[in-house]
Chemist: 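Have a look at this one before I ask anything.
Every chain is numbered from 1, with letters handed out A, B, ... down the list of sequences.
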Amino acid sequence: MARTDPRKDVVIVGLGWTGSIMGMELCEEGLEVLALERGPDRDTVPDFQYPQVADELRYGIRFEFMQRPRNTTLTVRHTTDDVALPFRRWGSFLPGDGVGGAGIHWNGVHWRPLVEELRLRSYVEETFGADIIPEDMQLQDWGVTYEEMEPYFERFEQVAGISGQAGNLNGEIQEGGNPFEGPRANPFPLPPLPTTLSNEMFADAARSMGYHPFVRAGGNASKAYTNPYGMQLGPCNFCGFCERYGCLNYSKSSPQTCVLDALKRRPNFQYRTNAEVMRVELAEDGQTATGVTWFDEEAQEEVFQPADIVILAAYQLHNVHLMLLSGIGQPYDPATGEGVTGRNYSYQMMGGTSMHFEDINFNPFVGAGANGVAIDDFAISQIDFAAEGFIGGSYIGNGQTNGQPIRSMSLPSGSASWGAEWKRDIARWYGHSMGVSSHGSNMSYRDTYLDLDPTYTDRHGRPLLRMTFDWKPNEIAMTQFMRRQIEPIVEAMNPTHWSSAYKEEGARYDTTSYQTTHNVGGAVMGNDPATSAVNRYLQSWDVHNVFVMGAGAFPQNLQYNPTGMVGGLTYWSAEAIRRDYLQNPGPLV
Amino acid sequence: MTRDLSSTRRGFLQSGAAGVALASMPAPSWAQTELPPLEEYSPEFLSAAEWAFVLAATARLIPSDGEGPGAIEARVPVFIDRQLAGEYGQAVDWYMEGPHYPAAGGDFGYQTPLTPAEIYRDAIARFDDWCVETEGASFVDLAPDRQDAALEALEAEATRRGEGTAAAGVSGTGEGGGEGGGEGEAAGGGGAQTEATGPSRPRFLPDESCEFFIHLLQNTKEGYFADPRYGGNHGMAAWVYIGFPGARANFLEWVEQDNVPYPLGPVSIAGERA
């Protein structure tokens, strides 16, 4: 029998970036806030402390900080004609686990979206005409503009302690920054990180071809910093154990380094770990949520937690899963195109060229997650979609993040993978390679979506989430375009060997090899309740006291890493709740 | 090939760099205590025959001759045995509920009902039978070149996922609900991603364990390069060999030193130096 716990003003599902920020902002209003986190508690000490965390096998290969598929997974298929199969162990993406969530183990790469990206459908229609949009592409505006979001991007950058060089301050292009970015009101809180030899070689080659290289921004502190919550970061020491690891040095922007200790000091904040939310409970009329039911691992029983406001702040996939399990929003049906929950799932189109230099030693273990030099000359705003035959763009660049030998041993293509030759080659080439890669947009399509799996269930007997996704010709054309831009840059660098890996016509989504944990969509934001699950304030159209954070709100994927947008949207939504919703609970639109 | 780095802001570093590197190069010293020879190790998971196989196979995957340690010197077999006995080998963290489609396309990753430990157990026995049948002797008794040829056949077994099935995985096996349209698991029509293979191709492993070679090779490299706390990478010799400094994890002053070999040897998580 379910136990019922005392009522809270706010219950937050998941205590990563968005949950901890929402906790801070709503505690400011004096609300009683409870966060439920299904994973374990985690803090810098003891969980990320040196030297234990510098363990490639445990964290980089066996995924200690990731969700356990045994507890939480999903199924995947390429098309609606296929039977989906479960991710039995993680591969192409790595959902985080425990307090801090994916904010623990990301690299810290930070971008704002382009001005054009947040109104992409309008931009395409105005600039090139609606007829260039493929029939099955569900291209949408976001319902918010860059100008509206600017103060909230800045707020997240200040809290996260982002290092970087502004490229556009109030319309004035700044030397050393990204000249194609949207205008910023203020500089980054910290200067850019130092650059490696590989960064400089790419920058020199790109500059020689007339491009505009800049040190990319990131949540790896370049100097000591105290953020608006009073949290302190120390300068990144380039330890080379960033992505997949917690930061041993209080340098990587994370809920632990930037929010949680301040939040835990709030008397009106409480959190529970090993507390998996089973579903959001709705009132009889379905217009509001009454709270959530969660599973108490210790007591081995379900617990009803009444609350006036429910914030879904789990990972993108799991927010959508909870919405589908709870009946929030009409489930999307690709056959009719109707329904919104699960609609417009998308991913990220990546490509890259690796280079090997016989006579250059890059010391690849000297790495930081956000380190890198990029060019944005092939951004969404810089490409003639009508001429090139696709919609999208990429940033291109080099980053030196780690030299971990199990997962980052790069050999020239065609090298032996075992035996005497392999053994000879690893000593010859370790430390002699660098890459140039493209990180690109991915549009959403009528048949790329999330729903509930008809066969596989989780340990509680709930249907798993099911992902239907495959690469589309538009994105293949985009990444091949990037290949044509990157290869001349690479050739200008004159490596001993180089080889390219870009998806080609007919490529299928490979769930096994790591690509990126930039899963987006499924709880899309917008101004039309027929094509979005949440309104422009991330409020459920149907259940007005449920707010859904995270990259599920993206109608299609940005060409950038998502966290800057996710952080900005969290502050934007928090402001709407604080300013309007608390005074007048009901639909904000 | 020559490279002109003087055009970068760092050209000045080149002149002094080499001297710095040589002056601080320490002599390697094996800080780890001597361990008993592998022949005296008592495996936790592997049977005697399986242990002998893992010794012989890893010795071909990373041979002892030439520069650097081989898998045997690095004590990779100890690592593998301990991993198979532990959470990895038992697939403790993974979703192992059925139904299973082990023949699904390789894009769908781990789909066998077997744990890694069970794959080793199943595949080693079948592979050794195949060696006796085709080569006239157990794998461990074959000459090194025949062992290599047998391992190549084992490797080929691991690449056949998805053959004869739709490339997308498992096409329409009775899900119903109007979405289906496939004709069942073996109906073909796909398979576009896998190259055609000749009829002579060996098939001695079932779908459930056909990827054994992938696991064996991956685990061998893990044991070669992981921290010594897991039983392999003995003396951090594999790190010394390639120039990885292990768990030092502090390099800020090295970020802007261009093309200067890092002078310090590795440290382990336990604080050993090499």
Side-chain angles (χ1 to χ4, degrees), chain A residues 50-52 54-57 61-62 68-70 73 76-83 85-89 91 194 196-197 200 204 235 237-241 248 358-361 363 365-366 403 405-406 417-420 423-424 426-427 430-431 454-456 494 496 506 508-512, chain B residues 1 3 7-8 10 60-63 65-68 88 93-97 99 101 104 106-111 148 166-173 175 177 179-182 192-193 217 221-222 225-227 230 241-245 247 249-252 254-256 258-259 261-262 269:
Chain A
Y50 183 82
Q52 275 74 22
D55 185 339
E56 184 186 10
L57 185 77
I61 305 294
R62 300 280 186 260
R68 306 290 188 265
R70 174 157 300 230
T73 191
V76 59
R77 58 182 183 169
H78 286 139
T79 75
T80 54
D81 289 336
D82 301 329
V83 170
L85 300 178
F87 279 89
R88 298 187 177 279
R89 58 178 189 180
T196 62
L197 174 59
E200 291 298 325
D204 286 348
N237 72 355
F238 280 68
C239 78
F241 292 92
L248 56 84
E358 216 153 32
D359 56 352
I360 298 181
N361 188 334
N363 289 332
F365 41 84
V366 180
I406 302 173
S417 61
W418 55 276
K423 186 181 163 192
R424 182 200 64 206
I426 58 171
Y430 178 77
T455 305
Y456 294 95
N494 197 22
T496 315
R508 311 305 301 267
Y509 171 44
D510 177 358
T511 72
T512 65
Chain B
M1 186 180 65
R3 179 163 286 91
S7 63
T8 75
R10 295 167 176 173
R60 296 314 305 157
L61 296 176
I62 310 179
D65 39 314
E67 294 287 311
Y88 165 79
D93 289 344
W94 301 351
Y95 183 82
M96 296 299 283
E97 303 300 314
Y101 296 93
D107 283 353
F108 292 86
Y110 204 91
Q111 294 297 338
D148 286 354
V170 187
S171 196
T173 45
E175 184 195 338
E179 283 186 8
Q193 288 172 293
L217 180 60
K221 292 178 180 177
E222 289 168 357
F225 285 132
D227 188 274
Y230 298 103
Y241 174 52
I242 62 165
F244 177 64
N250 186 354
F251 303 109
L252 183 55
W254 279 87
V255 178
E256 296 190 342
D258 296 349
N259 205 12
Y262 183 76
I269 291 169

Chemist: Quick one: which of B:Tyr110, B:Phe251, B:Tyr88 has the most heavy-atom pairs under 4.5 Å with chain A, could you say?
Modeler: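 That would be B:Phe251.
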Chemist: What distance do A:Thr511 atom OG1 and B:Phe108 atom CZ have between them, rounded to the nearest 0.5 Å?
Modeler: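 A:Thr511 atom OG1 to B:Phe108 atom CZ measures 6.5 Å (nearest 0.5 Å).
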Chemist: Less than 4.5 Å apart, any side-chain heavy atom of A:Pro194 and any of B:Leu252?
Modeler: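 In contact.
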Chemist: If I measure from the heavy atoms of chain A, does B:Glu222 come under 4.5 Å with its side chain, its backbone, both, or neither?
Modeler: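 It is both, since atoms from each part get that close.
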Chemist: Between A:Arg88 and B:Trp94, which heavy-atom pair has the shortest distance, and what is it?
Modeler: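 Smallest heavy-atom distance, with atoms named: O-CB, 3.1 Å.
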Chemist: Within a strict 4.5 Å, meaning less than it, do heavy atoms of the B:Gln111 and A:Pro86 side chains meet?
Modeler: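 Touching, per the 4.5 Å side-chain cut-off.
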Chemist: So which of A:Val76, A:Thr73, A:Asn237 has the biggest tally of heavy-atom pairs under 4.5 Å with chain B?
Modeler: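 Of the options given, most contacts go to A:Asn237.
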Chemist: Quick check on the interface: out of A:Gln52, A:Arg68, A:Glu56, who has the most heavy-atom pairs with chain B under 4.5 Å?
Modeler: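 Answer, by heavy-atom pair count under 4.5 Å with chain B: A:Arg68.
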Chemist: Quick one: what part of A:Ile426 sits under 4.5 Å from any heavy atom of chain B, side chain, backbone, both or neither?
Modeler: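 Its backbone and side chain both get close to chain B.
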Chemist: Tell me, for A:Tyr50 versus chain B, whether the close heavy atoms (under 4.5 Å) come from the side chain, the backbone, both or neither.
Modeler: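 Interface part for A:Tyr50: side chain.
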Chemist: Flag the pair B:Ile269 / A:Asp55 as yes when at least one side-chain heavy-atom distance between them is below 4.5 Å, and no otherwise.
Modeler: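 Yes, close enough: below the 4.5 Å cut-off.
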Chemist: Counting only heavy atoms closer than 4.5 Å, note whether B:Asp65 contacts chain A via side chain, backbone, both or neither.
Modeler: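 The backbone, not the side chain.
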Chemist: Name all residues meeting the side chain to side chain contact (heavy atoms under 4.5 Å, CB included) criterion together with A:Ser417; count only those two or more places apart in sequence or in a different chain, and write none if there are none.
Modeler: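 Residues passing side chain to side chain contact (heavy atoms under 4.5 Å, CB included) with A:Ser417: B:Glu155, B:Leu217, B:Lys221.
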Chemist: What residue, out of A:Phe87, A:Phe238, A:Trp418, has the most heavy-atom pairs lying under 4.5 Å from chain B?
Modeler: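 Max contact count across the listed options: A:Trp418.
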Chemist: Any chance you could measure B:Asp107, atom CG, to A:Asp510, atom CG, to the nearest 0.5 Å?
Modeler: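 Those atoms lie 4.5 Å apart.
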Chemist: With only heavy atoms counted, which part of A:Phe365 is less than 4.5 Å from chain B, the side chain, the backbone, both or neither?
Modeler: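 A:Phe365 touches chain B through backbone and side-chain heavy atoms alike.
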Chemist: I need the residue from B:Ala226, B:Gly243, B:Pro63 with the largest number of non-hydrogen atom pairs under 4.5 Å to chain A.
Modeler: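 That would be B:Pro63.
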Chemist: Would you mind telling me which of B:Gly109, B:Gly68, B:Gly66, B:Pro245 has the largest number of heavy-atom pairs within less than 4.5 Å of chain A?
Modeler: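 Sorted descending by pairs with chain A, the first entry is B:Pro245.
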Chemist: Could you state the interatomic distance from CH2 (B:Trp254) to CG (A:Asn363), rounded to the nearest 0.5 Å?
Modeler: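 Taking CH2 in B:Trp254 and CG in A:Asn363, the distance rounds to 6.5 Å.
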Chemist: Which atoms of B:Tyr230 are under 4.5 Å from chain A, going by heavy atoms: the side chain, the backbone, both sets, or neither?
Modeler: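 Looking at B:Tyr230, just its side chain touches chain A.
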Chemist: Quick one: pull up NZ in A:Lys423 and CD in B:Glu67 and give me the separation to the nearest 0.5 Å.
Modeler: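 Interatomic distance, A:Lys423 NZ to B:Glu67 CD, rounded to 0.5 Å: 8.5 Å.
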Chemist: Considering non-hydrogen atoms only, spot the tightest contact between B:Ala249 and A:Ala54 and give its length.
Modeler: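 Nearest pair, atom of B:Ala249 first, then A:Ala54: CB-CB, 4.5 Å.
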Chemist: When rounded to the nearest 0.5 angstrom, what is the spacing between OH in A:Tyr430 and CD1 in B:Ile242?
Modeler: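 Reported to 0.5 Å precision, the distance equals 5.0 Å.
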Chemist: Calculate, to the nearest 0.5 Å, the distance between atoms CG and CG belonging to A:Asp359 and B:Asn259 respectively.
Modeler: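 Between A:Asp359 CG and B:Asn259 CG, I get 7.0 Å after rounding to 0.5 Å.
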Chemist: B:Glu97: what forms a side chain to side chain contact (heavy atoms under 4.5 Å, CB included) with it, not counting sequence neighbours?
Modeler: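 Here the qualifying residues are B:Tyr95.
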Chemist: Go through it in stages, so that I can follow the logic: the residues are B:Tyr262 and A:Asn361, the test is side-chain hydrogen bond (donor to acceptor under 3.5 Å, both in side chains), and I'd like the CA-CA distance, side-chain angles, deciding distance and then a yes or no.
Modeler: CA-CA 9 Å; B:Tyr262 183 76; A:Asn361 188 334; over 6 Å; no
